[in-house]
Number of protein chains: 2
Amino acid sequence: MSDELLRALDQAGVRLTGPRREIAALIARRNGHFTAADLIADANKRRLGVGRATIFRLLDLLAEQGLVERVDLPDGRHAYVPCEPSHHHHLVCVACGAIAEVEDCGIDAVTAEASRRSGFTIESHRLELFGRCPNCRSAN
Amino acid sequence: MSDELLRALDQAGVRLTGPRREIAALIARRNGHFTAADLIADANKRRLGVGRATIFRLLDLLAEQGLVERVDLPDGRHAYVPCEPSHHHHLVCVACGAIAEVEDCGIDAVTAEASRRSGFTIESHRLELFGRCPNCRSAN
DNA sequence: GAGGACTTGATACTGGGTCTCATTGTGTGC
DNA sequence: GCACACAATGAGACCCAGTATCAAGTCCTC
Ligand SMILES: [Zn+2]
Ligand SMILES: [Zn+2]
Ligand SMILES: [Zn+2]
Ligand SMILES: [Zn+2]
């Protein structure tokens with residue numbers, strides 16, 4: 001539920017205001033990835049009086065805390081995924097939007113090799129995998 | 001030079017128009033990554049009469065042909081990188097924008113493992129590495 | 001409770017990118 | 001070379017994500 005998000009925010013010294021609780025609840029009841037526009041639409045539908053800006057601000061906050069991660073979809077849209085705050089990568093179903101998390105499984109070797117060949121110092125990386133989840137694959 | 005881009009476009013059955021030649025020249029004289037806005041600024045500076053829309057349209061075309069690839073910068077901006085049309089990844093210098101290309105060096109093993117663990121069929125992936133090129137590292 | 005800092009939402013604004021459409025330019029067949 | 005069908009162009013309007021501003025409201029502490 002949204003309790004996790006709220007607890008984590010509280011521990012980070014962030015004020016737990018009414019709007020923030022409501023937006024956290026919206027996020028908790030989504031599954032898979034969502035865009036800022038999705039949340040704004042949700043909020044409008046439920047006639048919560050929260051403003052657009054507040055939603056963007058909370059998303060920034062959550063991203064800072066690593067509770068949510070930004071994903072760039074293949075079509076260029078920006079989406080968010082609720083997340084554990086440890087390093088990992090996302091597998092996104094292009095049909096239904098379902099998400100799976102995968103921990104590093106050999107990426108470090110790849111970055112080390114790339115660094116050796118190019119002479120670059122690598123500071124960060126982004127890996128996103130796109131495909132079809134088991135459900136969508138069988139539904140074809 | 002821009003001849004490569006033009007030749008590739010020609011072979012793909014695309015009309016070689018004046019504006020397209022000029023934009024291709026602009027791209028050829030850039031090094032590293034660039035944004036659509038960069039090209040638009042270049043075009044304005046040189047008083048080429050090309051419209052914004054034409055630049056976006058050519059970028060789409062080039063991306064379709066794999067002659068240019070879209071990169072999502074860490075700050076969320078969308079940039080492009082001139083490219084070979086074979087699969088590979090980019091190493092982007094966060095200080096000066098220099099680009100190095102790296103071929104797959106073990107990524108396939110990572111995707112296979114992720115697929116095995118999650119049950120997803122993986123159709124595509126995006127890997128971007130961010131760091132500092134040798135120049136920027138020593139200049140510090 | 002009172003106070004002061006933080007948060008909020010309305011609104012205006014920016015900037016990337018798309019759409020439309022009348023005009024122009026290109027490649028082709030002759 | 002020339003005409004023609006059709007693709008491409010550019011000007012401008014338009015749309016949408018995201019940001020900035022600021023007066024009014026809210027939270028937490030004391
Ligand atoms: Zn995650
Ligand atoms: Zn990683
Ligand atoms: Zn799916
Ligand atoms: Zn550099």
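Note on naming: letters A, B, ... go to the chains in the order of the sequence lines (proteins, then strands), and numbering restarts at 1 for each one. Computed from heavy atoms alone, side chains included, the values below leave out hydrogens, waters and symmetry copies.
- Atom CG in A/Leu61 sits roughly 13 Å away from atom P in D/dT19 (whole-Å rounding).
- Computed from coordinates, the B/Asp38 CG to C/dG15 P distance equals 14 Å when rounded to whole Å.
- With hydrogens and angles disregarded, a donor-acceptor distance shorter than 3.5 Å links the side chain of A/Asp38 to the backbone of A/Thr35.
- More than 12 heavy-atom neighbours from other residues, nucleotides or ligands sit within 6.0 angstrom of CD on A/Glu123.
- If you measure from atom CG of A/Leu48 to atom P of C/dT7, you get 20 Å, rounded to the nearest angstrom.
- At whole-Å resolution of the value, CG in A/Asp60 and C1' in C/dT8 are 15 Å apart.
- The side chain of A/Thr54 sits closest to C/dG9 out of D/dG10, D/dA17, C/dG9.
- For B/His125 and B/His89, the gap between ring centers is short of 6.0 Å.
- Listed pair B/His78 / C/dG16 fails the phosphate criterion, with no side-chain N or O lying under 4.0 Å from OP1 or OP2.
- Heavy-atom nearest nucleotides on DNA chain C were determined for B/Val14 and for A/Val50, and the one closer to the 5' end corresponds to A/Val50.
- Rounded to an integer number of Å, the gap from CG of A/Leu6 to C1' of D/dC27 is 15 Å.
- Listed candidates were C/dG25, C/dC6, D/dG18. Nearest to the side chain of A/Phe56 is D/dG18.
- Heavy atoms from other residues, nucleotides or ligands lying under 6.0 Å from CG of A/Asp60 number more than 12.
- Straight-line distance from the CG atom of A/Asp72 to the P atom of D/dG18: 10 Å, rounded to whole Å.
- Side-chain atoms of A/Arg52 and base atoms of D/dG18 include a donor and an acceptor less than 3.5 Å apart.
- In this structure, A/Gly76 reaches neither bases nor backbone, as no heavy-atom distance under 4.0 Å exists between it and the strands shown.
- The listed nucleotides are D/dC6, D/dT21, D/dA17; the one nearest the side chain of A/Arg57 is D/dT21.
- Taking side-chain N and O atoms only, B/Thr17 has a distance below 4.0 Å to OP1 or OP2 of D/dT9.
- Following rounding to the nearest Å, B/Leu59 (CG) and D/dT9 (P) show an atom-to-atom distance of 12 Å.
- A donor-acceptor pair is defined here as one N or O able to donate and one able to accept, closer than 3.5 Å; such a pair exists between the side chain of A/Arg137 and the backbone of B/Gly119.
- Where A/Ala53 and A/Pro19 meet DNA chain D, the nucleotide closest to each residue was compared, and A/Ala53 sits on the side nearer the 5' end.
- Each of D/dG18, D/dA17, C/dT8 was ranked by its minimum atom distance to the side chain of A/Arg20; first place goes to C/dT8.
- Spacing between atom OH of B/Tyr80 and atom P of C/dG16 amounts to 12 Å, rounded to whole angstrom units.
- Taking only side-chain nitrogens and oxygens, B/Thr35 never comes nearer than 4.0 Å to OP1 or OP2 of C/dG16.
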